[in-house]
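Order of the sequence lines sets the chain letters (A, B, ...), proteins ahead of strands, with each chain counted from 1.
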Number of protein chains: 2
Amino acid sequence: MSLAHALLTSLLEKSSSGYDLARRFDKSIGFFWHATHQQIYRELARMEAAGWIASKAAPDGGKTRKRLYSVLAAGKKELRRWALEPSPAPDLRDELIVRLRADAVMGPIGLEAEIERHLSMHEAKLLAYRAIEQRDFSPDKLTTREARIQHLILRTGLGYEEGWVAWSHEALAVLRESDNPAG
Amino acid sequence: MSLAHALLTSLLEKSSSGYDLARRFDKSIGFFWHATHQQIYRELARMEAAGWIASKAAPDGGKTRKRLYSVLAAGKKELRRWALEPSPAPDLRDELIVRLRADAVMGPIGLEAEIERHLSMHEAKLLAYRAIEQRDFSPDKLTTREARIQHLILRTGLGYEEGWVAWSHEALAVLRESDNPAG
DNA sequence: TGCTCCATGTAACACGTTACATGATTGC
DNA sequence: GCAATCATGTAACGTGTTACATGGAGCA
C-alpha cells in the first residue's frame, strides 16, 4: 500500500488538512495518484495512530473543525524506508483492451465511438499537462534537483497521455481497416 | 468492474474450468489483466448465479472435481452491453512516481538501484512480447479481423513496456545528473 | 432565507490479496 | 512412497468506491 506514503510526501511538501489534501489529490498530485476524501480521512487517522503524523486545530480560533497535519520524525523515517523497498513493476490494466478482445471474439460491436471518446479525454489531459509544463517548467526554472524531478514526473504524465493518444489512432485504424475486408 | 467481462470474453474464446482460466490469466490474457484464482472462483460463482454462464462436470467420468464453464446467451448479451458502456480513461498510477516525489522533497535517497530493477523487469517483458509477436503474428497470419485485433492488443503491451524502458533511462539520467550539481 | 462551499465523518459494499485447507492425480 | 501439480474452495483482511450525514461559514 502506498496511499499513506503519498500522503506523507504531500504533507512534507506542505502541512495541510484532510480537506486540502483531498483537493490537491484532485489536481497536481492526483494526476498521478487519485484518492477520495474518505480514503484520505481514514488514512490520516491511521497514520496519526501509528505516530507518523500529528494534528492540531487550525489557527482560526476554533471557527472551523479544520485540523492541520504535519509529519513526525517517525513518519519521515517510514517514508524513507518504504521508498527504497522493492516494488513490483506496474501491470497494464485497461478495460478498453478487454473490450477489444470482446470485439475480436464476438465480431464488430462498434467500439469506435468509445475509443474516440477516450482519445479526446487523453488529448484534454495532454493539453492541461503542456500548459503546466510551459507555466512551471521553463528552462530557467529547472535549477534545482527538486524542480528537475518534478519536471520528470510531469513528463511521465505527458508520455503516458501521448502513448494513449497514439494508441487510440492505431486502434481506430485497425477497427476501420477491418470493417473493410479488403484491407 | 470488469473481471466478470474479462472472464466472459475468455470463456467465449474457449470454454474452460476455473483452474484453466487462472492459468490463462497468468499468461496471455494476464499480460493485460491479472487475477488470482480466488478472485476467479468467486467471480465464476457469481456469474453462474446471475445466469451468465453454466457449468458441467468435466468429461473425465468424475475422476476430478473439474468443472467446465460455458457462456449462456444472457452472458453474451451482458458482455455486448458492457463493451459499449462508456468507461473512464485509465489513470496513471505508479508507486515509483510517489517514490520520486519523496526523493524530491527529502533529498537524494538512492532510488537508482530500484529504477534499474524495474528497467530489467520491463525489458524482460518486452523480450517475451517480441517473441510472441514473431511466433504468432507474422504478416501472413494477419488475415482475419480477429488476428489483427489480437496483434493490436499485443502491440499495446509492447508500447507500454517500451514506454517504461524509455522512462527508466530518462529517470536515471535525471537522478544522476542531479547528483552532479554542475549538470 | 437559502445556496454553495468548507470540513469531517459513518456505513456499507465491491474488489483484490494472502494465508490456509482439502483431496485427487501424475511422475519419479 | 513422496513430491509436484491439478482443482476447488474458506476466511480474513486491506484497499477503494458510493451513499449518506452533519454542521459551520460566506454570500446574495
Side-chain angles (χ1 to χ4, degrees), chain A residues 1-8 11 15-27 29-30 32-50 53 55-69 82 85 87-88 90-95 98, chain B residues 1-8 11 15-27 29-30 32-50 53 55-69 82 85 87-88 90-95 98:
Chain A
M1 205 276 301
S2 52
L3 172 57
H5 303 94
L7 291 173
L8 283 174
L11 286 175
S15 287
S16 313
S17 65
Y19 189 85
D20 291 336
L21 284 169
R23 285 200 310 179
R24 280 156 69 190
F25 270 70
D26 267 348
K27 290 189 291 185
I29 311 165
F32 311 107
W33 195 280
H34 178 262
T36 62
H37 82 271
Q38 293 84 350
Q39 257 182 292
I40 289 169
Y41 283 124
R42 180 164 57 182
E43 203 59 38
L44 285 173
R46 282 180 199 158
M47 290 159 71
E48 189 163 23
I53 58 177
S55 69
K56 57 175 186 195
D60 57 8
K63 300 247 170 186
T64 72
R65 284 194 293 168
K66 189 168 182 167
R67 299 198 64 74
L68 281 182
Y69 289 89
W82 169 83
E85 200 178 60
S87 62
D91 280 347
L92 171 58
R93 191 164 226 261
D94 191 288
E95 292 201 2
V98 179
Chain B
M1 206 276 300
S2 52
L3 173 57
H5 302 94
L7 291 172
L8 283 174
L11 286 175
S15 287
S16 313
S17 65
Y19 189 85
D20 291 336
L21 285 168
R23 284 201 311 179
R24 281 157 68 191
F25 270 71
D26 267 347
K27 289 188 291 185
I29 310 166
F32 311 107
W33 195 278
H34 179 262
T36 62
H37 82 271
Q38 293 83 351
Q39 256 183 293
I40 289 169
Y41 284 124
R42 181 165 53 183
E43 202 59 37
L44 286 174
R46 282 180 199 159
M47 290 159 71
E48 189 163 22
I53 58 177
S55 70
K56 58 175 185 196
D60 57 7
K63 299 245 171 184
T64 71
R65 283 195 292 170
K66 189 168 182 168
R67 300 199 63 75
L68 281 181
Y69 289 89
W82 169 83
E85 199 177 61
S87 63
D91 280 347
L92 171 58
R93 191 166 225 261
D94 189 288
E95 291 200 2
V98 178

Listed nucleotide nearest any side-chain atom of B/Thr36, set C/dT17, D/dT8, C/dT25
C/dT17

Starting at atom CG of A/Asp26, determine the distance to atom P of C/dC5, rounded to an integer number of angstrom.
14 Å

Looking only at side-chain N and O atoms, does A/Tyr19 come under 4.0 Å of OP1 or OP2 in C/dC6?
yes

Backbone of B/His34 reached by a side-chain donor or acceptor of A/Arg93 within 3.5 Å:
yes

Which one, C/dG16, D/dA11, D/dT17, comes nearest to the side chain of A/Gln39?
D/dT17

Would you mind telling me which of C/dT25, D/dC20, C/dC20 lies closest to the side-chain atoms of B/Gln38?
C/dC20

Suppose we call a contact any N or O donor and acceptor under 3.5 Å apart; does that hold for the side chain of A/Arg46 and the base of D/dG14?
no

Among A/Lys66, A/Arg67, A/Arg24, whose side-chain hydrogen bond (donor to acceptor under 3.5 Å, both in side chains) with A/Ser16 holds?
A/Arg24

Taken to the nearest whole Å, OH/A/Tyr69 to C1'/C/dA7 is 11 Å

Do any side-chain nitrogens or oxygens of A/Arg23 fall under 4.0 Å of OP1 or OP2 in C/dC6?
yes

What is the separation between atom CG on A/Asp20 and atom P on C/dA7, rounded to the nearest whole Å?
6 Å

Establish whether the base of D/dG14 is bridged to the side chain of A/Arg42 by a donor-acceptor pair shorter than 3.5 Å.
no

Spacing of A/Trp33 atom CH2 relative to D/dT15 atom P, expressed in whole Å:
11 Å

Report yes if at least one side-chain N or O of A/Tyr41 is closer than 4.0 Å to OP1 or OP2 of C/dG9; otherwise report no.
no

Tell me whether the OP1 or OP2 atom of D/dC6 has a side-chain N or O from B/Ser17 closer than 4.0 Å.
no

Could you tell me whether the side chain of B/Leu7 reaches within less than 4.5 Å of the side chain of B/Ile53, counting heavy atoms only?
no

Quick one: label B/Arg67 by what it contacts on the DNA or RNA (base, sugar-phosphate, nothing), any heavy atom closer than 4.0 Å.
sugar-phosphate

Apply the test side chain to side chain contact (heavy atoms under 4.5 Å, CB included) to residues A/Ser2 and A/Trp82: give CA-CA distance (whole Å), side-chain angles for both, the deciding distance (0.1 Å), then the verdict.
CA-CA 9 Å; A/Ser2 52; A/Trp82 169 83; 3.2 Å; yes

